[in-house]
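Since the structure comes first, as structure tokens, the remarks are kept for the end.
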Amino acid sequence: MAGSRLCWLLASIALATVISFAQAPTGTIAGMVTDASGAAVVNAPLTVTNKATGSARAVLTDISGSFSVPALAAGDYEVKVTMVGFSTLMREASVETGGTTTVGMKLEVGATQTVVNVEAASAQMEYEHNAIESVITQDKVEKLPLNGRSFLQLAELSPGVTISPGTT
């Protein structure tokens, strides 16, 4: 009897942990680092810094020059590449919950002390897969008059969503 209670307790804790990770309000910054000719820059060190908190994460590009920094809290970030033989490149990016922000980093030949600051952030368009996604912000939720507080009314804010009575 005590063993089955322990099993149920452990199963409940495991389920709660999985559910809490599934609902984490995070996004991803991904992209590619290339040189002026368009060739991939391998093992380029990147630092992704949250502008609000100052917390930073460091990654290296892979053999194709690609990088990915998952599980970032929603907010504004600064992406910085410092590679020997190239000017330091800094770019701003905005992360939205559940989204992937694509950041292209094109390095220019120069001294590392030279800093190139790119003001324009990359587009929020992702070419790898197609999906209809929508982020309903806290501001929209607070301003929306929900009759009975049904989550289905929030879903109707997304483009292409229709709710049919009697369906699941």
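In this view, S55 and T53 satisfy the side chain to side chain donor-acceptor pair (under 3.5 Å) rule, not counting sequence neighbours. For S66, the side chain to side chain donor-acceptor pair (under 3.5 Å) partners are S64, not counting sequence neighbours. In this view, K80 and T82, T88, M90 satisfy the side chain to side chain contact (heavy atoms under 4.5 Å, CB included) rule, not counting sequence neighbours. For V59, the side chain to side chain contact (heavy atoms under 4.5 Å, CB included) partners at least two apart in sequence or on another chain are L46, F67, V69.
Hydrophobic clustering (side-chain heavy atoms under 4.5 Å, transitive across Ile, Leu, Val, Met, Phe, Trp, Tyr) keeps L107 apart from V42. Residues V33 and L60 do not share a hydrophobic cluster, clusters being chains of Ile/Leu/Val/Met/Phe/Trp/Tyr side chains in contact below 4.5 Å. Taken together through direct or relayed side-chain contacts under 4.5 Å among Ile, Leu, Val, Met, Phe, Trp and Tyr, V81 and M32 form parts of separate hydrophobic clusters.
For residues 53-71, no residue pair satisfies the salt bridge (charged side-chain N to carboxylate O under 4.0 Å, His left out) rule, not counting sequence neighbours. Every pair passing side chain to side chain donor-acceptor pair (under 3.5 Å) that includes a residue from residues 36-49 is listed here, sequence neighbours excluded: D35-S37.
Of all heavy-atom pairs spanning K51 and E78, the tightest one is CG-N, 4.1 Å. The two atoms that bring I29 and A93 nearest to each other are CD1-CB, 4.1 Å, heavy atoms only. Here the closest non-hydrogen pair linking K106 and A36 is CE-O, 3.4 Å.
Here the OH-CD distance, from Y77 to E92, works out to 13.5 Å after rounding to the nearest 0.5 Å.
Checking side-chain atoms of T61 against main-chain N and O of V41 turns up a donor-acceptor pair under 3.5 Å.
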